[in-house]
Structures are given as structure tokens and as C-alpha cells.
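In the text below, chain A, chain B and the rest are named by the order of the sequence lines, each starting its count at 1. Bear in mind the structure is a predicted one, so any value in this text is a computation, not a measurement.
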2 protein chains.
Amino acid sequence: MIVAHVVCSYIGGMEIRHADRIADALEELVFTGQFNDGDRLDEIRLAKQFGVSRTPIREALQRLVVSGIAEQLPRRGVFVRQPGPVELMEMFETMAEIEAVCGRLAARRISDAALAELDQANRLCREAVSSHDTDAYYLENERFHHTIYAQSGNSYLAGQALRLHRRLKPFRRLQLRLRGRMAQSMAEHEEIVAALKAGDDQRAASALRDHVGIQGEKFRHLMMELRTAAE
Amino acid sequence: MIVAHVVCSYIGGMEIRHADRIADALEELVFTGQFNDGDRLDEIRLAKQFGVSRTPIREALQRLVVSGIAEQLPRRGVFVRQPGPVELMEMFETMAEIEAVCGRLAARRISDAALAELDQANRLCREAVSSHDTDAYYLENERFHHTIYAQSGNSYLAGQALRLHRRLKPFRRLQLRLRGRMAQSMAEHEEIVAALKAGDDQRAASALRDHVGIQGEKFRHLMMELRTAAE
DNA sequence: AATCATATTATTGTATACAAAAATATTGAC
DNA sequence: GTCAATATTTTTGTATACAATAATATGATT
């Protein structure tokens, strides 16, 4: 019997391979906490869920494994690997250091146009703070940091920074909900721009390291609270 | 007809999945320059070459794509992506900065045992230099750097450093062949250890940044020579 | 001969088939 | 009832089958 199965959908320049689409979807599901640490990613269950065969699912899983989002035990399956408290703090520290590096390089390489973009992002951030628009704040905050990565003048480094930034996204979001954190974060942003404008690389590095370091601290504090609350 | 195909070999704790073994093999082939930039990784050719079907080959290819070693054009195939001169210099700069970060953190966290290990690695390095044993030098040099990564006290950061270090391995090896480079590199190692012993984080960071930065410079010089020689 | 349209082939992406290993259930001995 | 040994089921890993698209060849037209 010949089954007329549609292999892929060609809508615009969108995803073409099911495996790609599924890898992205699974990554998103893991990042948004739809899966717990240690959960097995059942191939046949996912195949049914996504309406495809096991083949594209398995290809997607390979990608998750290489990304470090999941772990593969041969002949046992693929299991999601959510970072624990220790690894998370390490990731925040690494993010702080990488941002500091970006800032140090950017201080000597940044363009006037990019400085103006940072100013605008901060302006929109301030507006978001006054109107208590967390989502808008988050968006402009992201633009702020991405601009600094790009202005490091090193696209490889910028790519690595983006990767980690994306990975930490769900955790960073949490600490932003803390009372007064948005306003404090804004002040830190101003200091960063001031350092960049002055072309002071050491100061820019310190400001960025502290800014991200505080995020990690706040997040750790949140986790501790959750932990003690659970006891 | 039933074919008695052996799925996998269980020799010791070795590789179990063909896909894993093939991914490693392909990565090695790309790193050692067996493939040129833009070469298509032909599924059926590789399948024949490795004596397996296309399925494990394709799973291996997914891994290469995520690692950034290859690029996938939907419906076209997977192509190896060797970093060009610009990207290579960016990678060296990033490596220098990451090593500097590791050194800065290590200066405040390193153990006496690790300091002794660095001293020993340098001693063996010096011996290798006098006996012109490039391989031995390379091995101890690697141990030196890996120890510093580990002593950053941040295993996530150390992992990232290891990744990039591994990626740059074939390129770093080249510049070591330059006249007097090994001796110069040794002196730089001594300075790094001195800074770490003194617990001077700024000095350790600078020493490591310069050390790796010089590697990048030497490599760039080599590339320029190759380029002009080709004209 | 050059160019465009069509036919052919090759290759990718997915589905299915099947063997090996792991997980689970069942049975039997004590 | 508990534990161990065997049987059954599930699941992984790989091979193969097949449809859709890309690449190439063929041929008609000028």
C-alpha cells in the first residue's frame, strides 16, 4: 500500500526538516521547565506526540545530547539534564566573566551608533520599569546585552555569550521578579554605558561582571528561600 | 531473508553505539584536516566506508552540526565547516580571554597540590625542550593548561575552556614548530606560575592572556607566510 | 551550437522492519 | 511470602523501503 505522507512543509523560509523543528521544540520544553531532571525522553511517546516516526525524533535527541541539555545512556535512553544549584551558580559565574570580557573588548571597539543603541535600550527599559511591564523590560534588557556582545568585535565570542545567555534565560527571569531588582539593574546598566562611553575597559569589565554576578546572587537567594520553604 | 547483523560490539567499556563511534571518528577526521572546508559529507559514501547503514551516519552528522564542525543545508546535505582565518583569530582571542578568566579565578582558589603539579609539568616541559621532544612538550603543555582550567574552581567554565582548547589543538600545534617558540612559551609558563603562587589575580590573568594571545599571533604570522608563499 | 523544457537519476528526509539488550512480569523453589 | 531463575514485553539501535526534492542528463526548438 502506498501512503501519501507529506514529508515536510515548505511554508516560507520556515523549518523544513522535522528533526530540526522537533529539536527546537524539545529544547524549548526543557528550558521552560516542562521536563524535570532525569526524565526519560521516550522516543515512541514523542513520536506519537509530534505525529512523526522515531527517526526524526532520534535525530533531534542527538542534538539535545551534544548541546548538553540531555544525557544519553547507551541502550537505556536519553534523559533530560537540568542543571543543579551548583552547576547553575557556575554557569552564572561563567556568564559574568564572559560578559566582562565582552565589555572589556567593547570598551575599545564600540561604535557611536551602538552606544546610542544602548542608550535607547536603557531609555525603553526605564519606561518599562515605571509601567511595571516586565516583558518589555526583559526584551530591552536582552537587546542591551546582545549589543555589548556584538560590540566585542569578536563574533565567535559573541556567539558563545549568546548561547550561555539563552541557556540562563529562564533562571534570569526569575530573579527579575524580586522587589526593586529592575530599578537596581537599571542603575547597573547606566554604569556600564558610562564606562563604555569613557572607553575605560577595566571599569566596563567590572561593571558587567558585577551586574551579572548580582543576578547569580539574587537567583541563589531565591533558590535558598524555595529550599527552606520546602523543608 | 534474515540477516544476522551484529548491532554493536561490547568490548570492555568501549563505544556501544555506532553513531557515537562514527561521530568521534568524523570529528577527528575534520580536525586533522582530512576534509576541506565545504566538502559534502556524503551519507551513502560514509555508510559504505564505515560499513553501516545511513541511519547511524545521519545521527552522527547531527552531532557534528550542533558542534559547529559542519553545516546543514536542508535537502542539500551536510558540509564540513573549517574555520577561516578571521574566525580562527577570533577563536584564539576568545581562548586567550577564557584562559585569563580561569587564571584570575585560579589565583584565588588554586591548591598547593595543583601548584606543585604546574611546577612538575613545567619541569617536564623544560626537559622536553632540551631533548627537542615536541610531542612530550605538547603533552605536558596540555597538562599545564588543563590544571589551570580545573583550578578555576568552576567546572562549567573549565569544560568550556577544554572544548575550545581541543578545537584549537591542530592550529596551536603548528605555531609550536616555530624556531624558539617552545623556549619562549616556557618562560611565559614560569611567569604564569609565579603570578598564581603570589595569588595575584590580575597578573595571572594578564600572563595567561598574553601567553595564548602570542600563540594566536604566531599562528597568524604562519598563515600570512603560507598565503604569500602561495601567491 | 545554445537554450529551455522535460525526463532521468541521485540524494535527502521519513517511515517501517527487525535484532539485541534492557526492563518487567511470571513462575517455581524454599 | 521471599528470592532467584526464566519468560515476556519494551525499548533501543540499525537496516531497509519509499516519497519528495535537488541535481543531472536528454532532447526539442531555434
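Taking the screw axis at each terminus of the helix from C:dA1-D:dT30 to C:dC30-D:dG1 from five consecutive base pairs, the angle between the two is 10° to within rounding of 10 degrees.
Put simply, A:Gln72 has no side-chain N or O that comes within less than 4.0 Å of OP1 or OP2 on D:dT12. Residue A:Arg76 has no polar side-chain atom (N or O) positioned under 4.0 Å from OP1 or OP2 of C:dA22. Within the 4.0 Å cut-off from OP1 or OP2 of C:dA15, at least one side-chain nitrogen or oxygen of A:Ser53 is found. The shortest distance between the side-chain N/O atoms of A:Arg17 and the OP1/OP2 oxygens of C:dG13 is below 4.0 Å. Between C:dT12 and B:Arg58, no contact under 4.0 Å exists linking OP1 or OP2 to a side-chain N or O.
In this pair, B:Phe219 and B:Phe171 present their aromatic rings perpendicular. The plane angle is above 60°, beyond the 30 to 60° band.
Of the two residues near DNA chain C, B:Thr55 and B:Glu43, the one whose nearest nucleotide lies more 5' is B:Glu43. Between B:Pro56 and A:Arg40, the residue anchored nearer the 5' end of DNA chain D, judged by the nucleotide with its closest heavy atom, is A:Arg40.
Taking a cutoff of 4.0 Å between a charged side-chain nitrogen and a carboxylate oxygen, A:Glu99 and A:Arg209 do not qualify as a salt bridge.
For A:Tyr149, the ring-ring contact (aromatic ring centres under 6.0 Å, His included) partners are A:His146, A:His165, not counting sequence neighbours.
Across C:dT16, D:dA20, D:dG13, the shortest atom-to-atom separation from the side chain of A:Arg75 is found for D:dG13. For A:Glu59, the listed nucleotide lying nearest its side chain is C:dT14; candidates were D:dT11, C:dA15, C:dT14.
Distance A:Ile57 CD1 to D:dT11 P: 15 Å, rounded to the nearest Å. Here C:dT12 presents its C1' atom at 13 Å from NE2 of A:His18, a figure rounded to the nearest Å. Straight-line distance from the CG atom of A:Leu46 to the P atom of C:dT14: 15 Å, rounded to whole Å.
No contact: B:Arg45 has no heavy atom under 4.0 Å from any strand. A:Arg54 comes within 4.0 angstrom of a base, heavy atoms only.
The main-chain N or O of B:Ser155 is found under 3.5 Å from a side-chain atom of A:Glu90 such that the two form a donor-acceptor pair. Side-chain atoms of B:Asp20 do not come within 3.5 Å of backbone N or O of B:Arg17 as any donor-acceptor pair.
Sorted by first then second residue, the salt bridge (charged side-chain N to carboxylate O under 4.0 Å, His left out) pairs that include residues 153-165 of chain A, not counting sequence neighbours, number zero.
Nearest heavy atom pair, residue A:Ala60 against residue A:Ala19, reads CB-O, 3.5 Å.
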